[in-house]
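Numbered from 1 within each chain, the chains take letters A, B, ... in sequence-line order. Just so it is clear, the values below take in all heavy atoms, side chains as well, and ignore hydrogens, waters and symmetry mates. Since the structure is predicted, the reported quantities are computational estimates derived from the model, not experimental observations.
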Amino acid sequence: MQQKIINQLTLIVDELIKSSDVGDVNYKIRLQENKDKEHGDYASNIAMMLAKDLSENPKNLAEQISKDFPLDDEVLRVEVAGPGFINFFVSEATHAEILKNIDAEKEKYGHNKKKVGKVLIEYVSSNPTGPLHVGHGRGAVFGSVLASLLKAAGHKVDEEYYVNDYGRQMSILSVSVWLRYLQNSSKNISMSPLGYQGDYIKLIAQELFKENKDKYLLSDNDRDNILPILELQEDEKDIDSLISFMQKTLGEGFSEIRSFALDNMLNIIKSDLINFGVEHNLWFFESSLYIEEKGKPSKVDKGISDLSSNDFVYEKDGAIWFKSSKLKDDKDRVLQRSNGDHTYFSSDVAYHLDKYNRSYDRIINIWGSDHHGYLPRVRAAMEASGRDTNKLEVVFIQFANLVRNGEKISMSTRSGDFITLNELMNEVTAEAARFFYINRKADQHLEFDLELAKEQSKDNPLYYIQYAHARICSVFNKVEYDLEEGHEKVDLSLLIAEKEIEIQKHLATFPALIEKAAKSNDPHLICYYLKDLASLFHSYYNNEKFIIEDSSLMISRMFLLKGVKQVIFNGLEILGVSSPEAM
RNA sequence: GCCCCGUUAGCUCAGUCGGAUAGAGCGCUGGAUUCCUAAUCCAGAGGCCAUAGGUUCAAAUCCUGUACGGGGCACCA
């Protein structure tokens, strides 16, 4: 319906522009839905938009356009109002066509059938040195919901986790696991306070022992040597001596423990994510960027030489620098340190070049808002390598505060007493956690109310929406009528009550909502849409009865409920939340 | 000091490719169930859209300054 009006308006406006000989005028007709029924169903502001270009009074312009607008049994009346709005009044029956669309498209309703390009979303990518905690939760949900949203909008989507398996932290992880392993047999081995303290380290160490028994134990002599090193673990650098000791003593065993620890850690992370409804189809290892094959340079070296050949690299104080300050970054950045080690940044240059080489139309990174200062240098590197920086989008996720009984739960990185994602899921369920995380705009701080997430009442928006779905299912269970059978007979012109029209109009906006949310990376809009839909339904439910004597009216109402149920399902599906049949 | 994000009802927040009278939930006040799930609904009160300018026929929305809050400014990852 809306499209029909827009098409018709375009015809008239084109004609108007042609006859006014002002040359080409760029315009786009948008039809807004009117809140106030006095103003009709839809309105266009096109007359006011064009008034200047055509040097004509907007009201006169609107009059001309509306005069030419053909009326029929769908568009009943066209009016000019206010400063130059053109209002359209359509017949009540036209709203029902949307129900047929929904019934035809089912779970595809709202989805774009056209293919609109390939997207890479990289998200979570937390360091594999500890389990996911609540700080990772928001980004995890955001990424996975954005992925299904973009799929619905017609994109081919890859979801990628970037594994930081290359830096010093991996060595610290290995040492930590090894120490816990040694503690099984030697009481006087202490855990370095500079290692990772969590209980998960002990679990991995137990697994290590189960699979390898005594393989990595120390000789008496070596045990005497490690004790003084363990004595001195104060400054951050002191753990390095422990790392070198481990490398020296175990030889190949060092990298065996390292990959054992990494595999176990990733399994923990993967299973937490899956429990949370998040599943990446690609896992990219930082270490792969450093592999040299068949005499070819590693991807990192290739990245640096790319920058270098465009004259963006120089050497200073024994280090290799990227001239990012020439491209809108605050200062130049080190790619390779004076000790020969590559920086994390140089990995990231290579990683992003690799993303570009995989020919995506959009490359989306989901980062914590504390990383915003990092974007200019990555952008600069892509620009310096001749890549189109418009393809790279970064969504920054603000922090979420957990709140219990009105009190913020404080979490300090230092003490390491983070609440894990697992604990959160156990307390409020994965579904509720997903919904509450995605219920806010990404760049907005979020208060996650644990009590509310557990509450089973309309105060909890997730329950409110799910309850609408369950209520409809309940009606369908009660009614003695085959929902599939009678739909040829349904008379949609009976659905003309005010609330019925309101619901149908709202259902009709779902595809546009998906498109808009996908375009601006705003999955939270789906939550608000569904709350509105649920609210319209609950109100309707209290106002009308559905199981009634008048069977043709009943059938038409069933058809309406079926549409509501389908759209709630489709929306919750994108959020990765279930639509219960009963509650 | 420089940079990024935010500031909308008592609270938590939508709305920001400019549109007619700024919305929702909670909380507050008052109502609705012999009936399909009251896990619900209906009504009322509640606003200088942080602030000062600017652009426009039209600004919560765009531009500039200021205040307040969060974050970031490593040869860490």
Inset, instruction - Of all the heavy-atom pairs spanning A:Ser579 and A:His469, show the shortest one and how long it is. - result: O-CE1, 3.4 Å

Inset, instruction - Mind checking A:Asp165 for me? I need base, sugar-phosphate or nothing, with any heavy atom below 4.0 Å counting as a touch. - result: nothing

Legend entry - Between P of B:G15 and NZ of A:Lys531, the distance in whole Å: 11 Å

Legend entry - Separation of the P atoms in B:G54 and B:U61, to the nearest angstrom: 14 Å

Inset, instruction - Give A:Leu525 one of three labels, base, sugar-phosphate or nothing, depending on what nucleic acid heavy atoms sit under 4.0 Å from its own. - result: sugar-phosphate

Inset, instruction - Could you tell me whether the side chain of A:Asp532 has a donor or acceptor atom within less than 3.5 Å of a complementary atom in the base of B:A14? - result: no

Inset, instruction - Could you check whether A:Phe345 gets within reach of a base, just the sugar-phosphate, or nothing at all, counting any heavy atom under 4.0 Å? - result: nothing

Legend entry - Pairing partner of B:G1 (Watson-Crick or G-U wobble, both distances under 3.5 Å): B:C73

Inset, instruction - Scan A:Gln456 against the nucleic acid and name what it touches under 4.0 Å (heavy atoms): base, sugar-phosphate only, or nothing. - result: base

Inset, instruction - Looking at every strand, decide which applies to A:Gln336 at a 4.0 Å heavy-atom threshold: base, sugar-phosphate, or nothing. - result: nothing

Inset, instruction - Report the distance from atom NZ of A:Lys59 to atom P of B:G19, rounded to the nearest whole Å. - result: 20 Å

Legend entry - Whether A:His445 stacks on the six-membered ring of B:G70 base, 5.5 Å and 30° limits: no

Inset, instruction - Would you tell me if any nitrogen or oxygen in the side chain of A:Ser539 comes within less than 4.0 Å of OP1 or OP2 on B:C42? - result: yes

Inset, instruction - May I ask you to evaluate whether A:His371 reaches the phosphate of B:C3, defined as a side-chain N or O under 4.0 Å from OP1 or OP2? - result: no

Inset, instruction - Please check if any side-chain donor atom of A:Tyr540 sits under 3.5 Å from a side-chain acceptor atom of A:Glu500, or the reverse. - result: yes

Inset, instruction - For A:His352 and A:Asn365, test the side chains for any donor-to-acceptor distance below 3.5 angstrom and give the result as yes or no. - result: yes

Inset, instruction - Return the value, rounded to whole Å, for the distance between atom CD of A:Glu544 and atom P of B:C36. - result: 16 Å

Legend entry - Strand partner of B:C49, provided both Watson-Crick or wobble distances fall under 3.5 Å: none

Inset, instruction - Could you check how far OH of A:Tyr528 sits from P of B:C13, rounded to whole Å? - result: 9 Å

Inset, instruction - Check every strand shown and say whether A:Asn543 touches a base, only sugar-phosphate, or nothing at a heavy-atom separation below 4.0 Å. - result: nothing

Inset, instruction - Compare side-chain N and O positions of A:Tyr42 against OP1 and OP2 of B:A20 and report whether any pair is under 4.0 Å apart. - result: no

Inset, instruction - Give a yes or no on whether a donor-acceptor pair under 3.5 Å exists between the nucleobase atoms of B:G71, that is its base, and the side chain of A:Asp370. - result: no

Inset, instruction - Identify the nucleotide, in any strand shown, that forms a Watson-Crick or G-U wobble pair with B:A38, with both distances under 3.5 Å; if there is none, say none. - result: none

Inset, instruction - Check whether the side chain of A:His372 and the base of B:G71 form a donor-acceptor pair under 3.5 Å. - result: yes

Legend entry - A:Lys531 versus A:Asn439, side-chain donor and acceptor atoms under 3.5 Å: yes

Inset, instruction - Would you mind reading off the distance between A:Asp330 atom CG and B:A74 atom P, rounded to a whole angstrom? - result: 9 Å

Inset, instruction - Any strand is fair game: report the nucleotide pairing with B:A60 by Watson-Crick or G-U wobble, both distances under 3.5 Å, or none. - result: none

Inset, instruction - Using the six-membered ring for Trp and the full ring for Phe, Tyr or His, decide whether A:Phe546 stacks on the six-membered base ring of B:C36 (centres under 5.5 Å, planes under 30°). - result: yes

Inset, instruction - Return the nucleotide paired to B:C28: Watson-Crick means purine N1 to pyrimidine N3 with N6-O4 or O6-N4, wobble means G-U with N1-O2 and O6-N3, both under 3.5 Å. - result: B:G44

Legend entry - Side-chain N or O of A:Lys331 closer than 4.0 Å to phosphate OP1/OP2 of B:C3: no

Inset, instruction - Just name whichever nucleotide pairs with B:A9, Watson-Crick or G-U, keeping both distances under 3.5 Å, else none. - result: none

Inset, instruction - For A:Phe435 and B:A14, give me the distance from atom CZ to atom P, rounded to whole Å. - result: 13 Å

Inset, instruction - Tell me yes or no: between the side chains of A:Tyr27 and A:Asp53, is some donor less than 3.5 Å from an acceptor? - result: no

Inset, instruction - Give A:Arg30 one of three labels, base, sugar-phosphate or nothing, depending on what nucleic acid heavy atoms sit under 4.0 Å from its own. - result: base

Legend entry - Side chain A:Ser338 and base B:C75 donor-acceptor under 3.5 Å: yes

Legend entry - Least distance between heavy atoms, A:Leu424 atom then A:Leu402 atom: CD1-CD2, 4.5 Å

Inset, instruction - Using atom CD of A:Glu455 as one end and atom C1' of B:U12 as the other, report the distance to the nearest whole Å. - result: 14 Å

Inset, instruction - May I ask you to say what A:Asn45 touches in the nucleic acid, namely base, sugar-phosphate or nothing, with a heavy-atom cut-off under 4.0 Å? - result: base

Legend entry - Between P of B:A77 and CZ of A:Arg337, the distance in whole Å: 5 Å

Inset, instruction - Would you kindly check whether a donor in the side chain of A:Lys441 faces an acceptor in the base of B:U16, or vice versa, at under 3.5 angstrom? - result: yes

Inset, instruction - Assign A:Lys545 to base, sugar-phosphate, or nothing according to its heavy-atom contacts below 4.0 angstrom with the strands shown. - result: base

Inset, instruction - Check whether more than 12 heavy atoms from other residues, nucleotides or ligands sit under 6.0 Å from atom CD of A:Glu515, and answer yes or no. - result: no

Inset, instruction - May I ask you to verify if any side-chain N or O of A:Arg471 is less than 4.0 angstrom from the OP1 or OP2 atom of B:A38? - result: yes

